[in-house]
Protein chains: 2
Amino acid sequence: MTAPTPIRPTATDAEVCCSRLLAEPLGADDASELAAAFKALADPVRLQLLSLIAVAPGGTACSCDLEEPVGRSQPTVSHHLSILADAGLITKEKIGRWVNCTIVPERLAQLRDLLGT
Amino acid sequence: MTAPTPIRPTATDAEVCCSRLLAEPLGADDASELAAAFKALADPVRLQLLSLIAVAPGGTACSCDLEEPVGRSQPTVSHHLSILADAGLITKEKIGRWVNCTIVPERLAQLRDLLGT
DNA sequence: TCAATGTATCGACAGTTATCGATGAATGCA
DNA sequence: TGCATTCATCGATAACTGTCGATACATTGA
């Protein structure tokens, strides 16, 4: 997860028609990077958090409003939010005592495009 | 993973514009189902296997030809292939002594669409 | 029928992960 | 300054997961 790849690279090559995943044999390094990205989505609590943040006004929600809907403790929610942030799926901004979590739809689109276009 | 949802549902509702994940607060059950699907993709070895199968002629590869490229033992490869099959990402067909694994691109497209359209 | 081969299953083990309570740090308010 | 609140970190624990060797099963060919 180093260089931010473009969201929708203009396909100049005709072979870039389907999935990057399906276009060529995946190397071990690329596979690890990709797997790490999907790992962030591979947990029901994180998917719920992501969904709650996405549907909140402006795609932004306070961390404190997320504990009750997912039914987990504050440390657990904090842990999952950090994982989502590390994966680039949300951003966390500290406003006073609160932490505002904002969805990053471009990142979601990026992962989507890895599965096919 | 019960009812096979259509690959690209015709969006009659204007609100079905982006991601199912981002369209509404995800329930715990839906979240678990979705997470299970992404879990199958959240491992580098499985991604490599998927890639190898996809680029093989006809999108089909013999299980025996996959152990060497991923550098894992036969039981481990068998284990991962079962997970991919359970997730609907590949099908396994026993031909004599061999097991032919075939990619299911529709399933991949399904997961892609869950991230956005 | 027997040996060889491809695959699945079993048992074990190490590493990872989700979870929580307790605690500490940072901020805002009275 | 002191207190309440919000969040992150720590430590512990239970559950899950990836991995392999050993072994059992199934099929083919001699």
Side-chain angles (χ1 to χ4, degrees), chain A residues 1 26 28-29 31-53 56 60-87 89-102, chain B residues 1 26 28-29 31-53 56 60-87 89-102:
Chain A
M1 226 63 51
L26 215 52
D29 289 348
S32 291
E33 185 184 322
L34 245 178
F38 285 122
K39 250 190 250 279
L41 294 174
D43 181 274
V45 173
R46 285 197 289 274
L47 287 179
Q48 280 192 281
L49 290 172
L50 206 58
S51 177
L52 286 166
I53 296 169
T60 297
C62 174
S63 164
C64 59
D65 293 329
L66 301 173
E67 302 167 16
E68 188 269 338
V70 302
R72 301 299 147 111
S73 70
Q74 179 270 323
T76 297
V77 169
S78 174
H79 171 241
H80 284 304
L81 290 176
S82 291
I83 291 179
L84 288 174
D86 287 346
L89 290 162
I90 64 172
T91 59
K92 297 205 288 184
E93 188 188 9
K94 185 149 192 171
I95 307 279
R97 274 178 298 192
W98 293 273
V99 168
N100 273 0
C101 299
T102 305
Chain B
M1 226 63 52
L26 215 53
D29 289 348
S32 291
E33 184 184 324
L34 245 178
F38 285 122
K39 250 191 249 280
L41 293 174
D43 180 273
V45 172
R46 286 198 287 274
L47 286 179
Q48 280 192 282
L49 290 171
L50 207 57
S51 177
L52 287 166
I53 295 170
T60 297
C62 174
S63 163
C64 58
D65 294 327
L66 300 173
E67 302 168 16
E68 187 270 338
V70 300
R72 301 298 147 112
S73 70
Q74 178 269 323
T76 296
V77 169
S78 175
H79 172 240
H80 284 304
L81 289 176
S82 290
I83 291 179
L84 288 174
D86 288 345
L89 290 162
I90 63 171
T91 58
K92 300 204 288 185
E93 187 188 10
K94 185 149 192 172
I95 307 279
R97 275 177 298 192
W98 294 273
V99 168
N100 274 359
C101 299
T102 305

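Proteins get letters first, then strands, A, B, ... in listed order; numbering begins at 1 in each. Side-chain atoms are counted along with the backbone in the values below, which use heavy atoms only and exclude waters and symmetry mates.
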**Q** Between atom CD in Gln48(A) and atom P in dA18(C), what is the gap in whole Å?
**A** 14 Å
**Q** With respect to the side chain of Val99(B), which nucleotide from dT17(D), dG18(D), dT7(C) is positioned closest?
**A** dT7(C)
**Q** Between P on dT9(D) and NE2 on His79(A), what's the gap in Å once rounded to a whole number?
**A** 11 Å
**Q** Is any side-chain heavy atom of Cys62(A) closer than 4.5 Å to a side-chain heavy atom of Asn100(A)?
**A** yes
**Q** CG of Leu81(A) versus P of dC7(D): gap in Å, rounded?
**A** 9 Å
**Q** Please state how far atom NZ in Lys39(B) lies from atom P in dA18(C), giving the value in whole angstrom units.
**A** 7 Å
**Q** What is the minimum heavy-atom distance between Ala40(A) and Ala87(A), and which atoms define it?
**A** CB-CB, 3.5 Å
**Q** Could you give the CG-to-P distance, from Asp86(A) to dT17(C), as a whole number of Å?
**A** 12 Å
**Q** Name the residue from Ser63(B), Ser82(B), Ser78(B) that meets the side chain to side chain donor-acceptor pair (under 3.5 Å) definition with Lys92(B).
**A** Ser82(B)
**Q** Taking 4.0 Å as the cut-off, does a side-chain nitrogen or oxygen of Ser78(B) come that near to OP1 or OP2 on dA8(C)?
**A** yes
**Q** Less than 4.5 Å apart, any side-chain heavy atom of His79(B) and any of Ile83(B)?
**A** yes
**Q** Is there a side-chain contact between Leu41(B) and Leu47(B) (heavy atoms, below 4.5 Å)?
**A** yes
**Q** In this structure, how many angstroms lie between the C1' atom of dT16(C) and the CD1 atom of Ile83(A), rounded?
**A** 11 Å
**Q** Is the shortest side-chain N/O distance from Lys92(B) to OP1 or OP2 of dA8(C) below 4.0 Å?
**A** yes
**Q** In whole angstrom, what separates Trp98(B)'s CH2 from dT27(D)'s P?
**A** 13 Å
**Q** Assign each of Glu67(A) and Arg46(B) to its nearest nucleotide of DNA chain D by heavy atoms, then name whichever residue's nucleotide is nearer the 5' end.
**A** Glu67(A)
**Q** Does any N or O in the side chain of Gln48(B) come within less than 3.5 Å of the main-chain N or O of Leu26(A), such that one atom is a donor and the other an acceptor?
**A** yes
**Q** Rounded to the nearest angstrom, tell me the gap between atom CZ in Arg97(A) and atom C1' in dC3(D).
**A** 11 Å
**Q** Going by heavy atoms in the side chains, are Leu81(B) and Leu66(B) under 4.5 Å from each other?
**A** yes
**Q** In the 5'-to-3' direction, what one-character label does each nucleotide of nucleotides 20-25 of chain C receive under the scheme B = base within less than 4.0 Å of a protein heavy atom, S = sugar-phosphate only, - = no such atom?
**A** BBB---
**Q** For Gly96(A) and for Asp65(B), locate the closest nucleotide of DNA chain C by heavy-atom distance; then report the residue assigned to the nucleotide nearer the 5' terminus.
**A** Asp65(B)
